[in-house]
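Computed from a predicted model, the values in this text were never measured in an experiment. Every chain is numbered from 1 and lettered A, B, ... according to where its sequence line falls, protein lines coming before strand lines.
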Amino acid sequence: MEKFSDLERQRHIKLERIRERGIDPYPPRVQRSHTATEAILEFETGKPERDMSLVGRLMSIRAMGRSTFAHIEDGSGRIQIYLRQDALGEEAYEFFKRDFDIGDFIGVTGHLFRTRTGEVTLQVRDFKMLAKSLHPLPEKWHGLKDVETRYRQRYLDLIANEEVREIFVIRARIVSALRRFLDERGFLEVATPVLQPIYGGAAARPFITYHNILDQDLYLRISDELYLKRLIIGGYERVYEIGKDFRNEGVSHKHNPEFTVLEFYQAYADYSDVMEMAEEMVSYVAQEVLGTTCITYQGNEIDLAPPWPRRSLRQAIKEESGIDYQDYPDAQSLYQAVRAIGGNVEPKATRGKLIDALLSNYVEPKLIQPTFLVDYPVEVSPLAKRKPGNSGTVERFEGFAGGMEICNAFTELNDPLDQEERFLAQGRAYEAGDEEAHQMDEDFLIALSYGMPPTGGFGMGIDRLTMLLTDRASIREVILFPHLRTKGQS
RNA sequence: GGGCCGCUAACUCAAGUGGCAGAGUAUCGGCCUUUUAAGCCGAGAGUUGUGGGUUCGAGUCCCGCGCGGCCCA
């Protein structure tokens with residue numbers, strides 16, 4: 001056991017005193033008739049008065065001799081309680097004053113009244129320790145600000161900072177609204193493997209793990225795409241999945257190694273259909289969760305209502321960087337062009353990586369209002385269908401808002417022979433040093449070769465959408481337990 | 001991976017140019033029966049992230065390391 005601070009020692013002494021009284025400081029059951037909010041509502045609406053039993057964490061104590069005010073907080077909110085020596089008896093009143101601390105969970109029974117200052121308050125007739133807290137809470141007025149502690153001990157952040165609690169309520173409502181939107185349109189929610197023998201569906205490096213009994217390497221999925229497509233092949237016309245993907249790359253204010261993604265696939269739809277659905281979906285979620293499609297993100301007013309403007313990727317990059325990548329058919333010449341405008345890119349970057357760098361550095365930060373960029377180069381989109389009459393370009397779009405990419409979608413490639421060629425090209429890119437290149441997936445090719453209907457597919461980062469709708473600049477603010485380095489025991 | 005900034009009591013923060021490590025909250029003791037950042041009086045509380053170095057003397061200066069934040073890649 002670690003060495004206790006003075007404050008902790010003090011609480012252990014109190015814990016012992018409670019036990020010496022023959023009282024269990026961690027009783028298994030509670031008596032509760034109302035939540036704090038229900039109690040106040042009942043009093044305000046003038047229902048006949050009766051005794052009620054409330055529970056919660058002691059958040060503040062104001063002791064004034066023979067009477068004490070305190071606030072308790074449960075999941076519904078806060079309510080003030082009032083303890084008087086003459087109502088409780090000297091013994092019980094002293095017990096509360098001596099051995100109850102801020103942070104303890106307490107059960108109280110009594111009746112409601114209104115104080116002189118107008119606050120609905122429970123006058124306590126009986127109280128009970130529900131769980132003794134042995135570690136002092138963060139300070140009541142300034143709360144908890146230390147970012148590292150907020151992330152490492154999120155429970156303290158949630159206790160101390162109400163607005164943080166609110167973020168994760170909004171996040172849950174976002175996910176719930178997305179499900180409602182898709183369910184209402186006949187989509188089937190499915191679950192596909194997180195552990196995969198071959199990873200794919202995105203350009204990223206995977207986490208590798210190992211199955212002991214099967215003596216087999218497995219990968220944590222970087223995308224749900226290839227399994228969801230198998231379900232389209234299987235005959236479901238509309239499927240979606242909301243779950244975690246894992247990418248073995250750096251952490252940043254926009255990246256966490258595990259993150260939550262929505263993907264949906266719709267047979268007999270193309271990327272234009274999906275685009276319309278995407279803008280509808282995002283504005284539906286904003287309307288459902290925030291009551292408006294007009295939001296403020298990092299000081300910018302953003303209106304998410306459809307339609308969102310469509311710009312071609314090529315045009316957007318040309319306008320913002322001055323480079324028309326069509327003029328540079330190979331990596332070498334494009335590299336020279338990017339360097340010529342001062343772009344800091346690696347010499348060994350593939351043409352796709354260079355185009356991606358142009359997009360990320362010159363275009364993405366400017367896309368504050370919701371925007372679709374459409375029609376991507378084939379080499380960065382190995383799973384998307386080529387545009388008719390333009391074999392170098394695929395029917396793909398990405399949606400941006402607040403200067404962030406939030407979704408990615410395409411008309412799915414359903415030509416098994418073209419798909420095989422794309423995988424082979426990715427294999428060559430991998431050999432040339434692109435560690436994020438797509439793996440050859442024979443099993444998926446076999447599935448495709450049975451025939452996949454024309455299909456539109458879509459993926460969206462739930463974390464980023466939550467950032468957008470809660471006005472947070474860092475992804476760590478919308479993930480309850482963001483990834484941090486483990487702190488050494490020293 | 002690089003640059004900059006931060007790490008001091010349980011929490012929030014102070015400690016010009018190196019010179020006794022402080023305050024508020026919280027805690028403990030005393031007074032106080034309608035307070036709500038309650039009030040008044042008193043007390044205790046620290047390996048200044050960590051390991052070295054310079055110095056009579058280091059929270060402060062130098063070097064290494066750890067963790068975090070922001071920016072860049």
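- Rounded to whole Å, the P atom of B/U35 lies 48 Å from the corresponding atom of B/C71.
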Distance-only check: which donor-acceptor pairs under 3.5 Å involve side-chain atoms of residues 336-348 of chain A, not counting sequence neighbours?
none

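- Using the Watson-Crick or G-U wobble rule with both distances under 3.5 Å, B/A10 pairs with B/U25.
- Using a 3.5 Å distance cut-off with no hydrogens or angles, the side chains of A/Y151 and A/E477 do pair a donor with an acceptor.
- At whole-Å resolution of the value, CD in A/E94 and P in B/U33 are 12 Å apart.
- With a 4.5 Å cut-off on side-chain heavy atoms, A/R314 and A/L373 do not count as touching.
- Straight-line distance from the CG atom of A/D157 to the C1' atom of B/U12: 15 Å, rounded to whole Å.
- Going from atom CD of A/Q10 over to atom C1' of B/G44 covers 10 Å, rounded to whole Å.
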- For each nucleotide in nucleotides 68-73 of chain B, reading 5' to 3', give B when a protein heavy atom comes within less than 4.0 Å of its base, S when such contact involves only the sugar-phosphate, and - otherwise. SSS--S
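- Rounding to whole angstrom units, NE2 of residue A/H71 and P of B/U35 are separated by 13 Å.
- Using a 4.0 Å heavy-atom distance criterion, A/D146 is classed as a sugar-phosphate-only contact.
- A/F100 and A/F127 have their aromatic ring centers within a separation under 6.0 angstrom.
- Under 3.5 Å, the side chain of A/R62 and the base of B/U35 form at least one donor-acceptor pair of N or O atoms.
- For A/R84, the side chain to side chain contact (heavy atoms under 4.5 Å, CB included) partners at least two apart in sequence or on another chain are A/S67, A/Y82, A/D86, A/A87, A/Q123.
- Here B/G19 sits opposite B/C56 as a Watson-Crick or G-U wobble pair (both hydrogen-bonding atom distances under 3.5 Å).
- Spacing between B/U50 and B/A58 at atom C1', rounded to whole Å, works out to 15 Å.
- Side chains of A/E398 and A/Y376: a donor-acceptor N/O pair is present below 3.5 angstrom, by distance only.
- One atom, CD1 of A/I61, and another, C1' of B/C32, lie 17 Å apart when rounded to the nearest Å.
- In summary, the side chains of A/R396 and A/S381 do present a donor paired with an acceptor at a separation below 3.5 Å, with no hydrogens or angles considered.
- Phosphate contact (OP1/OP2 of B/U27, side-chain N/O of A/K14, threshold under 4.0 Å): absent.
- Taking atom CE of A/M59 as the reference point, atom P of B/A26 lies 13 Å away to the nearest angstrom.
- Each of A/L144 and A/Y82 has a nearest nucleotide on RNA chain B; the 5'-most of these lies closest to A/L144.
- For the pair A/A63 and A/Q80, both in contact range of RNA chain B, the more 5′-proximal nearest nucleotide belongs to A/Q80.
- A donor atom on one side chain and an acceptor atom on the other are found under 3.5 Å apart for A/R11 and A/S133.
- For A/K145 and B/G24, the NZ to C1' distance is 13 Å, given to the nearest whole Å.
- Atom pair A/E119:CD and B/A37:C1' shows a separation of 14 Å (rounding to whole Å applied).
- Rounded to the nearest Å, the gap between the P atom of B/A38 and that of B/G24 is 15 Å.
- Distance from the side chain of A/E139 is smallest for B/G24 among the nucleotides B/G24, B/U27, B/A10.
- Taking 3.5 Å as the limit, the base of B/U35 and the side chain of A/T115 contain a donor-acceptor pair of atoms between them.
- The residue A/G250 sits apart from the nucleic acid: no heavy atom pair falls under 4.0 Å.
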